[in-house]
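The chains referred to below are lettered A, B, ... by the order of the sequence lines, with proteins before strands, and numbering in each begins at 1.
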Amino acid sequence: MPELPEVEIAARNLRAWTAGRTIERVETDPRARRIFRPARPPAVARALAGARFQAVRRMGKQLLIALEKDGAPLGLASHLGMTGKWVRRPEPGRRAADGAAAAPRHSRARLHLDDGATLHYQDLRLFGRLRVVPGARFEALPEVRALGPDPLADGVDPARLAALLARSRQAVKPRLLDQRLLAGVGNIYASESLFRARIDPRRAARSLSRAEVERLGAAIVEAMREGIARQEGPEIAYVEEGGENPFLVYAREGERCPRCRRARIARTVQAQRSTFFCPRCQR
DNA sequence: ACCCGTGTTCGCTG
DNA sequence: TCAGCGAACACGGG
């Protein structure tokens, strides 16, 4: 489920799984050519084999994994697309004997580490990317350069956000999906944030007052933080697919609004994506 | 069978 | 020149 909070959890997991580890061997799914850069899976496997993990960063929805191989820096940029996921086998805390052999479905790349664990990159729809970055020069990548500030790491500058919103005739909700504004906001959190800020998603982006932009910025940070808090920690149940919908309005068409308890959540389509909102609370 | 989907990119248009 | 739109990518679930 990758928007900023899910990618942040993935980054924390990868940090814990890879600290001090070396990649011994890499297997790639030859049919998943489109996720690899360069687009030859065996070349990616060869490039990563023998590399040692240095650091895992997140910028927006991008996972930037710094490695070292033969004394030189090397990078792996991982974008999860719609259905990408990193999992460890055996699962953390379990011994290698318990089901180490069972590869998860749609495993597109397997990194075999020097502690006996395997990190699987799973991706059903193949919209994700695994990109080898020579010299770990992530700043040179166009998809990284194009990213706006990360709301979690950098906070939200209302003046900057207001200026970028004003630059467009689009409705505010689809405008928020532009990663140049704030990196990491996706379709779910755009709806959630606008609900929290009580702003109608159909409003023209340029029509928002300064006070509304400030509310929106704060709501984005809040929604992201809560999303992370929901998924982290040993006690809190991980949000599994098939579990309860954890969102305030997303995918709740027809249900009563959790704020006013009177109107029902509506669904509309903007720029080919679903938007959920309360027609009574959001103005 | 049909519609829907957490993301991004590309080609076309006005 | 460029913002904005729709299609495309690929696959599974309801």
With P as the reference atom in both, quote the distance from B/dG11 to C/dA10 in angstrom, rounded to an integer.
-> 16 Å

Using 4.0 Å as the upper bound for N to carboxylate O, is an ion pair formed by A/Arg88 and A/Asp115?
-> yes

Under 3.5 Å, is there a donor-acceptor pair between the A/Arg267 and A/Ser274 side chains?
-> yes

Between B/dC3 and A/Arg267, is there an OP1 or OP2 to side-chain N/O distance shorter than 4.0 Å?
-> no

Atom-pair distance (CD on A/Gln272; C1' on B/dG11), nearest Å | 13 Å

Looking at side-chain heavy atoms only, is the closest gap between A/Asp178 and A/Leu164 below 4.5 Å?
-> no

How would nucleotides 9-14 of chain C be written as a contact map, 5' to 3', with B for base contact, S for sugar-phosphate-only contact and - for no contact, using protein heavy atoms under 4.0 Å?
-> BBBS--

Length of the line joining A/Leu177:CG and B/dT6:C1', which is rounded to integer Å | 11 Å

DNA chain B in dot-bracket, Watson-Crick or G-U pairs under 3.5 Å, [ ] crossing, | other strand?
-> .||||.||||||||

Would you say a side-chain N or O of A/Arg167 is under 4.0 Å from OP1 or OP2 of C/dA3?
-> no

What is the distance from CD of A/Gln170 to P of C/dG6, rounded to the nearest Å?
-> 11 Å

Side-chain N,O (A/His79) to OP1/OP2 (B/dG7) below 4.0 Å = no

CZ of A/Arg131 versus P of B/dG7: gap in Å, rounded?
-> 18 Å

A/Arg196/A/Glu192 salt bridge by N-O under 4.0 Å criterion = no

Is the closest basic N to carboxylate O distance between A/Arg52 and A/Asp114 below 4.0 Å?
-> no

Mind telling me whether A/Trp86 and A/Tyr121 have parallel, tilted or perpendicular rings, with 30° and 60° as the class edges?
-> tilted

Answer yes or no: is there an ion pair linking A/Arg37 with A/Glu143, defined by an N-O contact shorter than 4.0 Å?
-> no

May I have the distance from A/Asp178 (atom CG) to B/dT9 (atom P), rounded to whole angstrom?
-> 11 Å

Which value, in whole Å, describes the distance between the P atoms of nucleotides B/dC3 and C/dA7?
-> 13 Å

Consider the side chain of A/Arg169, meaning its heavy atoms from C-beta on, and name the nucleotide among B/dC4, B/dG7, C/dG4 that approaches it most closely.
-> C/dG4

Mind checking the P distance from B/dC4 to C/dG6? Whole angstroms is fine.
-> 15 Å

Starting at CD of A/Gln270 and ending at C1' of B/dC4, how long is that distance when rounded to a whole Å?
-> 17 Å

Take the protein atom CZ of A/Arg180 and the nucleotide atom P of B/dG7, then report the distance between them rounded to whole Å.
-> 16 Å

Going through the distances and angles, do A/Leu80 and A/Asp123 end up as a side-chain contact (heavy atoms from CB on, under 4.5 Å)?
-> CA-CA 8 Å; A/Leu80 304 178; A/Asp123 193 344; over 6 Å; no

Here the distance between atom C1' of B/dT6 and atom CZ of A/Arg252, to the nearest Å, is 16 Å

Decide whether a cation-pi geometry holds between A/Arg252 and A/Phe247; the criteria are a distance under 6.0 Å from NZ or CZ to the six-membered ring centre and an angle within 45° of the ring axis.
-> no

Using a cut-off of less than 4.0 Å, is there contact between a side-chain N or O of A/Lys61 and OP1 or OP2 of B/dT6?
-> no

Is the backbone N or O of A/Ile188 less than 3.5 Å from a side-chain atom of A/Glu3, with the two atoms forming a donor-acceptor pair by type?
-> yes

Please tell me which of A/Val269 and A/Glu143 maps to the more 5' nucleotide of DNA chain B, matching each residue to the nucleotide holding its nearest heavy atom.
-> A/Val269

